[in-house]
Amino acid sequence: MRTYLVTGGAGFIGSNYIHYMFKKYDNEIRIINVDVLTYAGNLENLKDVENRDNYTFIRADICDRDAINKIFEENDIDRVVHFAAESHVDRSIVNPEVFVQTNVLGTATMLNAAKKAWELPDGTFKEGKKFLHVSTDEVYGSLDDDPNAFFYETTPYSPHSPYSASKASSDMLVKAYMDTYKFPANITNCSNNYGPYQFPEKLIPLIINNALAGKDLPVYGDGKNVRDWLYVEDHAKAIDMVQEKGRLFETYNVGGHNEKQNIEIVKTIIDTLKEVLDDSDPRKAHLSYDLIKYVSDRKGHDRRYAIAPDKIKAEIGWEPETMFAEGIKKTIKWYFDNMDWMQNVTSGDYEKYYEKMYSNK
Ligand code: NAD
Ligand code: TYD
């Protein structure tokens with residue numbers, strides 16, 4: 001049975017990936033989820049899988065060399081899927097150091113531990129072992145408004161925020177391991193994800209949550225910055241396909257051809273919520289574009305991100321399956337049906353879940 005070590009599996013994309021993998025492979029795989037549970041880690045995201053015999057959660061920091069080495073020593077890990085990171089640009093502007101710590105040094109720890117466990121005496125690596133580093137299109141910097149300009153795998157790195165600089169540094173470390181040691185890895189650079197279990201500091205869940213509560217909807221700058229939105233399940237599928245069908249040592253860009261201005265996103269959410277809510281629902285009364293509040297721009301705000309997913313399509317056959325109009329409806333419905341999840345996150349109650357479920361195991 002193939003064993004996966006997933007880092008950051010209690011976060012947004014990691015938890016969706018774990019759900020996707022168990023749906024696809026069921027009992028054919030084993031997953032060990034290593035997560036230190038920062039504010040962004042939420043074990044409630046995984047309550048549907050936590051009692052499976054082929055799932056294990058380990059609370060550990062990816063910067064903790066001894067803890068990570070121990071996991072490799074005690075388990076025959078076949079695949080690493082490395083999500084764990086500090087992921088929010090606004091936080092990186094306020095507090096950059098933790099981004100360097102986790103994203104750069106944590107990735108170095110993961111690479112070292114995997115290399116140590118997988119390397120043979122002759123410097124080659126055990127058959128079939130693979131490391132996938134999950135990264136972002138933000139490493140490529142910013143595009144202007146020319147609709148024919150895209151990020152390709154060959155686009156030079158030009159990160160602007162402390163977040164994207166730390167992710168770029170971690171990508172460089174993975175590239176260095178591949179070049180120097182022929183370490184068996186891939187990098188994926190993905191565009192903005194959306195879907196269930198996303199922490200409501202990111203645009204889409206924040207707007208859904210505020211709109212339902214009748215609060216202001218903050219739009220940075222002129223609201224015309226563009227992001228290329230990818231439904232998270234499509235991303236999970238891409239990661240699995242890259243690991244199983246991709247060429248080792250390659251980078252694959254993963255994107256949705258779903259470019260939207262931020263202001264379009266905010267208006268779509270308001271419109272969709274109005275469609276979904278019953279007329280008798282009191283939350284419907286205050287739903288209007290009047291909630292939109294233009295606020296000061298983010299420092300160093302990248303104008304436009306857009307991925308050309310040509311390589312992953314041609315080599316692996318992956319394409320985004322969920323177009324934005326459908327994905328945003330599914331996402332809104334999910335938050336709507338899971339208001340308890342949102343309330344636990346906004347009240348901070350989710351942070352007690354670990355103690356309740358795991359402390360006496
Ligand atoms: P997230 O912030 O929701 O989750 C991050 C997870 O990592 C959390 O569970 C957190 O507890 C864990 N973590 C943080 N520091 C850790 C540490 N030191 N040790 C162990 N665990 C730690 O992030 P996300 O949105 O799910 O992003 C996952 C990955 O995908 C990141 O590497 C991010 O850079 C990348 N990415 C995200 C997006 C996006 O739109 N969200 C797009 C492209 C790439
Ligand atoms: P975000 O979800 O933080 O993702 P990223 O910065 O990684 O792209 O932001 C998406 C876009 O939405 C980005 O252009 C910043 C903008 N934004 C707002 O206008 N208002 C907000 O409250 C937030 C959180 C983001």
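Start at 1 and go down the list; that is how both ligands and their atoms are numbered. All residue numbers in this chain count up from 1 along the given sequence. Below, each value reflects all heavy atoms present in this structure, side chains not excepted, and no hydrogens, waters or symmetry copies.
Which parts of ligand 1 touch Ser191 is read off a 4.0 Å heavy-atom cut-off, strictly below it: atoms 42 (C), 43 (C). Near Glu138, with a cut-off below 4.0 Å to any heavy atom, the atoms of ligand 2 are 5 (P), 7 (O), 8 (O). Ligand-side atoms of ligand 2 in range of Pro218: 18 (C), 19 (O), 20 (N), 21 (C), 22 (O), range being under 4.0 angstrom from any heavy atom. Taking every heavy atom of Val134 and a limit of under 4.0 angstrom, the matching atoms of ligand 1 come to 30 (O), 32 (O). Interface of Lys202 with ligand 2, defined as ligand atoms under 4.0 Å from a residue heavy atom, comprises 2 (O). Below 4.0 Å from some heavy atom of Val219 lie the following atoms of ligand 2, by number and element: 19 (O). Under a 4.0 Å criterion applied to the non-hydrogen atoms of His88, ligand 2 contributes the atoms 3 (O). Residue-ligand proximity, Val36 to ligand 1, at heavy-atom distances under 4.0 Å covers atoms 16 (C), 17 (C), 19 (N), 20 (C), 21 (N), 22 (C). Close approach to Leu37 involves these atoms of ligand 1, each under 4.0 Å from a residue heavy atom: 11 (O).
When hydrogens are left out, the protein atom nearest atom 33 (C) of ligand 1 is Tyr163 OH, 3.5 Å; that is the closest non-hydrogen contact. Asn262 ND2, 3.4 Å is the protein heavy atom nearest to atom 16 (C) of ligand 2. When hydrogens are left out, the protein atom nearest atom 31 (C) of ligand 1 is Phe83 O, 3.1 Å; that is the closest non-hydrogen contact. When hydrogens are left out, the protein atom nearest atom 32 (O) of ligand 1 is Lys167 NZ, 2.6 Å; that is the closest non-hydrogen contact. Among all protein heavy atoms, the one lying closest to atom 38 (C) of ligand 1 is Ile13 CD1, 3.6 Å. Of all protein heavy atoms, the one lying nearest to atom 43 (C) of ligand 1 is Cys190 O, 3.3 Å. At the shortest separation from atom 5 (C) of ligand 1 among protein heavy atoms lies Ala85 O, 3.5 Å. The shortest contact between atom 4 (O) of ligand 2 and any protein heavy atom is with Asn192 ND2, 3.3 Å. The closest protein non-hydrogen atom to atom 18 (N) of ligand 1 is Asp61 OD1, 2.9 Å.
Between Asp145 and Arg303 there is a salt bridge, with a side-chain nitrogen of the basic residue lying less than 4.0 Å from a carboxylate oxygen of the acidic one. Taking the charged nitrogens against the carboxylate oxygens, Lys284 and Asp279 do have a contact shorter than 4.0 Å, which makes a salt bridge. Note on Lys237 versus Glu233: no salt bridge recorded, every NZ/NE/NH1/NH2 to OD/OE distance being 4.0 Å or above. A salt bridge does not link Arg91 with Glu86: none of the charged nitrogens is closer than 4.0 Å to a carboxylate oxygen. In summary, Arg79 and Asp240 do not engage in a salt bridge, as defined by a charged side-chain N under 4.0 Å from a carboxylate O. Taking a cutoff of 4.0 Å between a charged side-chain nitrogen and a carboxylate oxygen, Lys224 and Asp222 do not qualify as a salt bridge. Ionic pairing of Asp271 and Lys267 is not present here: no N-O contact between side-chain nitrogen and carboxylate oxygen is shorter than 4.0 angstrom. A salt bridge does not link Arg30 with Asp76: none of the charged nitrogens is closer than 4.0 Å to a carboxylate oxygen.
A distance below 6.0 Å separates the ring centres of Tyr197 and His19. Between Phe199 and Phe12, a ring centre-to-centre spacing not shorter than 6.0 Å is recorded. For an aromatic pair to be called close, the ring centres must be under 6.0 Å apart, and Tyr294 with Tyr220 fails this. Here the two rings, on Tyr305 and Tyr140, have centers that are 6.0 Å apart or farther.
Nearest to atom 6 (O) of ligand 2 by heavy-atom distance, out of His301, Glu201, Arg298, is Arg298. The option from Ile265, Asp90, Leu203 that lies nearest to atom 1 (P) of ligand 2, judged by heavy atoms, is Leu203.
Of the N or O atoms in Thr38, one or more lie within a sub-3.5 Å distance of an N or O in ligand 1. Polar contact with ligand 2: absent for Trp229 (N/O pair, distance under 3.5 Å). Of the polar atoms of His235, none of the N or O atoms is found under 3.5 Å from an N or O of ligand 1, judged by distance alone. At under 3.5 Å, not a single nitrogen or oxygen of Tyr39, backbone or side chain, sits near a nitrogen or oxygen of ligand 1. Considering backbone and side-chain atoms together, Val89 places no N or O closer than 3.5 Å to any N or O of ligand 2. Checking only distances, Gly11 does come within under 3.5 Å of ligand 1, N or O to N or O. The shortest N or O to N or O distance between Asn42 and ligand 1 is not below 3.5 Å. No N or O atom of Asn225 sits closer than 3.5 Å to an N or O atom of ligand 2. Taking distance alone, with nitrogen or oxygen atoms compared against 3.5 Å, Tyr305 stays at or beyond that limit from ligand 2. For ligand 1, the polar-atom distance check finds no N/O of Cys63 at less than 3.5 Å from any of the ligand's N/O atoms. The shortest N or O to N or O distance between Leu206 and ligand 2 is not under 3.5 Å. Considering both main-chain and side-chain atoms, Gln198 never comes within under 3.5 Å of ligand 1 through any nitrogen or oxygen pair.
Under 3.5 Å, the side chains of Lys311 and Thr251 contain no donor-acceptor pair of N or O atoms. Under the 3.5 Å distance criterion, with hydrogens and angles disregarded, a donor-acceptor pair is assigned to the side chains of Asn45 and Trp341.
Using a 4.0 Å heavy-atom cutoff, Ala60 is listed among the residues neighbouring ligand 1. Under a 4.0 angstrom heavy-atom cut-off, Ser135 registers as being in contact with ligand 1.
Going from atom CD1 of Ile71 over to atom CD1 of Ile58 covers 4.0 Å, rounded to the nearest 0.5 Å.
Sorted by first and then second residue, the pairs that involve residues 109-122 and meet salt bridge (charged side-chain N to carboxylate O under 4.0 Å, His left out), not counting sequence neighbours, are Glu73-Lys116, Lys115-Glu119.
Counting only distance, with no hydrogens or angles, the side chain of Ser191 and the backbone of Gly255 share no donor-acceptor pair below 3.5 Å.
Contacts with ligand 1 closer than 4.0 Å are made by side-chain heavy atoms of Thr102 only, the backbone lying farther away.
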